[in-house]
Amino acid sequence: MNRLRPFAFAALLAGLAAIPAAGQVDLGVKAGASLSDLVVSGVGVNSQEGRRGFVASAALTLPVTGPLALRFEGSYLQKGATFSLIQIGDVTLSLDYVQLAALGKASVPLGGSRSSLYLLAGPAIAWETGCDVTIVLVLQPVTQTGTCAGEELRTPTKPVDFAVSGGAGVLLSLTGTMGLSLEFLYTRGLRSIYDGELGWTGHNRAMTVEGGVTFPVG
């Protein structure tokens, strides 16, 4: 399933890079790991195991005033989980998203240099680019696999997810112009990703840790 092509993602990032702003504009490129799960209701869940995945992103930070800035970010990240359902079996959802976020940023300088600690918070919207499901039935040794859009497994998902993100990070100055960043973000979906008729709901929840480089542009 490809609801947003890679070239469209590249076009979105190029559009962000064209946004003008006064003062120093920073571009950051990051990559790291994600740990996600689903907040499930409407169906009996014995246990759940989160999905460990990959995240990569590019971010453009525009100064606002003093320590405050606005960060526009585009990212690719993997979400999903494996949960054991009562009287059914184990269900694994593997979801891939391209996500855009607009995050407010508040920084505190460290030692009078470009190094700083910072907080992030804001809304995000994500487009699903892939969703696979695996069901292992508990009453018989049968494993069913397919895409979430397939009618036989009855796990259709919404193509767009809305969320809020928040976290913190540290930026360490390497040279006069380049910095090294390390940050943690928590993202919580605002609506159920399930789009079927079985009456259960599932909200995405993910934690990401990314490291990268930041440098001024423009």
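In terms of hydrophobic clustering, with Ile, Leu, Val, Met, Phe, Trp and Tyr side chains grouped at heavy-atom distances under 4.5 Å, Leu172 and Leu120 are assigned to different clusters. Under the 4.5 Å side-chain heavy-atom criterion for Ile, Leu, Val, Met, Phe, Trp and Tyr, Met207 and Val170 are members of the same hydrophobic cluster. Both Val64 and Val217 are members of a single hydrophobic cluster when ILVMFWY side chains are connected at heavy-atom separations under 4.5 Å. Following chains of ILVMFWY side-chain contacts shorter than 4.5 Å, one cannot reach Val164 starting from Tyr118, and the two form parts of different hydrophobic clusters. Under a hydrophobic clustering in which Ile, Leu, Val, Met, Phe, Trp and Tyr are joined whenever their side-chain heavy atoms come within less than 4.5 Å, directly or via other members, Leu70 and Leu27 fall into the same cluster.
Residue Leu171 holds its CG atom at 6.5 Å from OG of Ser115, rounded to the nearest 0.5 Å. Atom CG of Leu85 is separated from atom CH2 of Trp200 by 8.5 Å, given to the nearest 0.5 angstrom. Taken to the nearest 0.5 Å, the CG atom of Leu35 stands 10.5 Å off from the OG1 atom of Thr208. With rounding to the nearest 0.5 angstrom, the CG atom of Leu100 is 7.5 Å from the OG atom of Ser75. With values rounded to the nearest 0.5 angstrom, Leu95 atom CG is found 4.0 Å from Cys131 atom SG. Separating the OG1 atom in Thr155 from the CG atom in Leu93 is a distance of 6.0 Å, to the nearest 0.5 Å.
Contacts classified as salt bridge (charged side-chain N to carboxylate O under 4.0 Å, His left out) and involving residues 95-105 (residues at least two apart or in different chains) are given here: Arg51-Asp96. Sequence neighbours left out, not one pair with a member in residues 77-86 passes salt bridge (charged side-chain N to carboxylate O under 4.0 Å, His left out). Listed by first and then second residue, the salt bridge (charged side-chain N to carboxylate O under 4.0 Å, His left out) pairs involving residues 177-186 are Lys30-Glu183, Arg71-Glu183 (not counting sequence neighbours).
Between the side chain of Ser34 and the backbone N or O of Val55, no donor-acceptor pair lies under 3.5 Å. Looking at Thr92, its side chain never comes within 3.5 Å of a backbone N or O of Thr82 through a donor-acceptor pair.
Residues satisfying the side-chain hydrogen bond (donor to acceptor under 3.5 Å, both in side chains) test with Asn204, not counting sequence neighbours, are Tyr97, Asp161. Residues meeting the salt bridge (charged side-chain N to carboxylate O under 4.0 Å, His left out) test with Asp90, sequence neighbours left out: none. Residues forming a side-chain contact (heavy atoms from CB on, under 4.5 Å) with Leu119 (at least two apart in sequence, or on another chain): Ala168. Under the rule for a side-chain contact (heavy atoms from CB on, under 4.5 Å), the partners of Leu137 that lie at least two apart in sequence or sit in another chain are Ile135, Gln140, Val142, Gln144. Taking Val39 as the reference, Arg188, His203, Arg205 meet the side-chain contact (heavy atoms from CB on, under 4.5 Å) condition, with sequence neighbours excluded. In this structure, the side-chain hydrogen bond (donor to acceptor under 3.5 Å, both in side chains) partners of Thr187, at least two apart in sequence or on a different chain, are Ser165. Partners of Thr143 according to the side-chain contact (heavy atoms from CB on, under 4.5 Å) rule, which considers only residues two or more places apart in sequence or in another chain, are Thr134, Val136, Thr145. Applying the salt bridge (charged side-chain N to carboxylate O under 4.0 Å, His left out) rule to Asp26 yields the partners Arg114; only residues at least two apart in sequence or on another chain are considered.
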Sequence neighbours excluded and cut-off under 3.5 Å, please list the side-chain donor-acceptor pairs for residues 41-49, or say none.
| residue | atom | partner | partner atom | Å |
| --- | --- | --- | --- | --- |
| Ser41 | OG | Thr201 | OG1 | 2.4 |
| Gln48 | OE1 | Leu38 | N | 2.8 |
| Gln48 | NE2 | Leu38 | O | 3.0 |

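Other residues, nucleotides and ligands contribute only 12 or fewer heavy atoms inside 6.0 Å of the CZ atom of Arg52.
For the residue pair Thr157 and Glu128, a side-chain donor N or O sits within less than 3.5 Å of a side-chain acceptor on the partner. Neither side chain, Gln78 nor Ser94, offers a donor N or O lying under 3.5 Å from an acceptor on the other.
At least one side-chain heavy atom of Leu60 sits less than 4.5 Å from a side-chain heavy atom of Val25.
Across all their heavy atoms, Ala69 and Pro63 have their closest contact at CB-CA, 4.1 Å. A pairwise comparison of heavy atoms in Ala206 and Ser36 identifies CB-CB, 3.8 Å as the closest pair. Nearest heavy atoms, Leu62 versus Phe72: CD1-CD1, 4.2 Å. Between Glu73 and Ala59, the shortest heavy-atom contact is OE1-CB, 3.7 Å. The nearest pair of heavy atoms linking Pro156 to Tyr194 is O-CD1, 3.4 Å. Across every non-hydrogen atom of Pro109 and Ser116, the tightest pair is CA-CB, 4.0 Å.
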